[in-house]
Enquirer: 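First the structure, which I've put down as structure tokens, then a few questions once you've had a look.
Protein chains get the first letters and strands the later ones, always in sequence-line order, with residue 1 at the start of each. As a basis for the values below, the full set of heavy atoms in this structure was taken, side chains included, without hydrogen atoms, waters or symmetry mates.
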2 protein chains.
Amino acid sequence: MKTEKGGAGGTRPSPGVRSTLNRPYICAVALALIDANGLGNFSMRKLGAGLGVDPMAVYRHFTDQEELFDGIAEALFDELDVGSLPWDGSWRAVAEQYCRRLRDTLLRHPHAVSVFATRPVRSPSSIDTGVRIIELLQAGGFTPTRALQIARCLREFTIGHALSLAVVRLGSQSRSRKPAPESPDYNILARAADDTEIDEHFDVGLTALLDGFELLIRPA
Amino acid sequence: MKTEKGGAGGTRPSPGVRSTLNRPYICAVALALIDANGLGNFSMRKLGAGLGVDPMAVYRHFTDQEELFDGIAEALFDELDVGSLPWDGSWRAVAEQYCRRLRDTLLRHPHAVSVFATRPVRSPSSIDTGVRIIELLQAGGFTPTRALQIARCLREFTIGHALSLAVVRLGSQSRSRKPAPESPDYNILARAADDTEIDEHFDVGLTALLDGFELLIRPA
DNA sequence: TATCGATACCTACACCGTAGACTCAAACTA
DNA sequence: TAGTTTGAGTCTACGGTGTAGGTATCGATA
């Protein structure tokens, strides 16, 4: 086991025998492992195995596990494909689509949501997106300060929602199930919950938030 | 070191020489350790040391670390003191105070926010609070389904905000600082950020959210 | 006093992140 | 072409982790 194990490189020159590892590819494999086995079952050693490489090889490309996780968060952000947002439309359309895509992307990787939620993403494309959204909000009539506040609120609501949903979905596979309707524990909360899909409230919250922001520039 | 080490019990009968461990006390010590040293430096062994007890003693009271963290989350929730919320006031007043207190409590324990954010809290007092808030929302004119959705949105926004803020505050102690104003990286985002305290937007978002919800029962 | 249950202790195991020294082939220099 | 450098990947090893399983000790009960 020396030089075969083909497929270590994403877009590297010599495609034949063995291209070198690179950050995006390592992140993609790490994310796939987390998706498949859960964050708790992820380790640098298993990542090495998944890459067909010595565990320490990863440390040539990332100083530590923390930095690897930063890379995974950036990969998740890139999966949004912000470039295809309706940048020509209203601030509201962009904000809505941005939040929806962020939510959908995160929920596609429920085991990795907490990785994304627990660090600030500072990749160029992420910063650039932030700038564009704020410019759009300013063009829509918000002050610079207000625009920044709104952008932060939207992001935090969306991440909070995705994290909460991922936690509930993954937890209900192994944790306590809900009580039967005859039980005294079947209270008003449970009854309402039975009538409500657990993820239906995102639209409600997002709309409320956007409506509320609109009141700031167009008072009723 | 056998039977002294006084102070192992919170509100236990025999206060003299050595009372037994109990869940609330263990959680309180664990939380204090996390506050002091960070989540990454916490371990069951260090908890044992902090309690003045063998590390395995904790396993008499919690089946594993996960369950201990569940207990910590419950302890954080209890710190809210939901009993003293203005339950006689409007749904809006209660919702606002609830979110504010949740936020303040979490930010008092920045290293523990992710512990709270990554599990559903199912303690009786937490469930009871959920029920009361939903009843109040229904009394305010929302349908049961809508009430549940609103409660979830408020909770998720608040947690998302607290998590994001905690991450930024803790991260900026050791991570990259912001660029100087002359730098080409000092873009519109950084400029707006300089004029905006990082935590000033919570009120903006919360107000927008509540305004938006109000539109559902009192259309403009 | 004898018994028992709960509580805390101890040992040990498998696994973790990663520091530091290594091999070895490709790339550059003379 | 011969010699050298560089850098990716390997190997070993260390101190730490969660926790399973067995043991000792103490208070309450019979």
Enquirer: Could you tell me which residues satisfy salt bridge (Lys or Arg N to Asp or Glu O under 4.0 Å) with A/Glu96, sequence neighbours excluded, listed by chain and number?
Expert: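 Testing A/Glu96 for salt bridge (Lys or Arg N to Asp or Glu O under 4.0 Å), a comparison that skips the adjacent residues, returns A/Arg100.
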
Enquirer: Can you tell me the distance, in whole Å, between the CG atom of B/Leu47 and the P atom of C/dA8?
Expert: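 Going from CG in B/Leu47 over to P in C/dA8 covers 12 Å.
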
Enquirer: How would you list, by chain and number, every residue that makes a ring pair (Phe, Tyr, Trp, His ring centres under 6.0 Å) with B/Phe157, sequence neighbours excluded?
Expert: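 Residues passing ring pair (Phe, Tyr, Trp, His ring centres under 6.0 Å) with B/Phe157: B/Phe202.
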
Enquirer: Please report the distance, rounded to the nearest Å, between CG in B/Leu51 and C1' in C/dC9.
Expert: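 Rounded to the whole Å, the gap is 14 Å.
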
Enquirer: Quick one: A/Asn22 CG to D/dG9 C1', roughly how many Å, whole number?
Expert: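 Nearest whole value for this atom pair: 14 Å.
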
Enquirer: If the condition is salt bridge (Lys or Arg N to Asp or Glu O under 4.0 Å), which residues does A/Arg60 pass it with, not counting sequence neighbours?
Expert: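 With sequence neighbours excluded, A/Arg60 shows a salt bridge (Lys or Arg N to Asp or Glu O under 4.0 Å) to no residue whatsoever.
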
Enquirer: So for the helix from C/dT1-D/dA30 to C/dA30-D/dT1, with five pairs setting each end axis, what is the inter-axis angle to 10°?
Expert: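 That helix gives 10° between its end axes.
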
Enquirer: Would you say B/His61 reaches C/dA6's phosphate, i.e. side-chain N/O to OP1/OP2 under 4.0 Å?
Expert: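 No, B/His61 has no side-chain N/O under 4.0 Å of OP1/OP2 on C/dA6.
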
Enquirer: Suppose we screen for side-chain hydrogen bond (donor to acceptor under 3.5 Å, both in side chains). Which residues come up paired with B/Arg155, at least two apart in sequence or across chains?
Expert: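 side-chain hydrogen bond (donor to acceptor under 3.5 Å, both in side chains) list for B/Arg155, sorted by chain: empty.
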
Enquirer: So, A/Ser84 and A/Arg101: side-chain donor and acceptor under 3.5 Å apart, yes or no?
Expert: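 A/Arg101 and A/Ser84 do have a side-chain donor-acceptor pair below 3.5 Å.
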
Enquirer: Does anything in residues 27-45 of chain B pair up under side-chain hydrogen bond (donor to acceptor under 3.5 Å, both in side chains), and if so which pairs, sequence neighbours excluded?
Expert: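 Passing the test, one end in residues 27-45 of chain B: B/Asp35-B/His109.
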
Enquirer: How would nucleotides 11-22 of chain D be written as a contact map, 5' to 3', with B for base contact, S for sugar-phosphate-only contact and - for no contact, using protein heavy atoms under 4.0 Å?
Expert: B-B---BBBBB-

Enquirer: For B/Asp128, what residues pass the side-chain hydrogen bond (donor to acceptor under 3.5 Å, both in side chains) criterion, not counting sequence neighbours?
Expert: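 With neighbours one apart ignored, the set is empty.
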
Enquirer: Mind checking what makes side-chain hydrogen bond (donor to acceptor under 3.5 Å, both in side chains) contact with A/Ser114, not counting sequence neighbours?
Expert: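 A/Ser114 satisfies side-chain hydrogen bond (donor to acceptor under 3.5 Å, both in side chains) with no residue once adjacent residues are dropped.
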
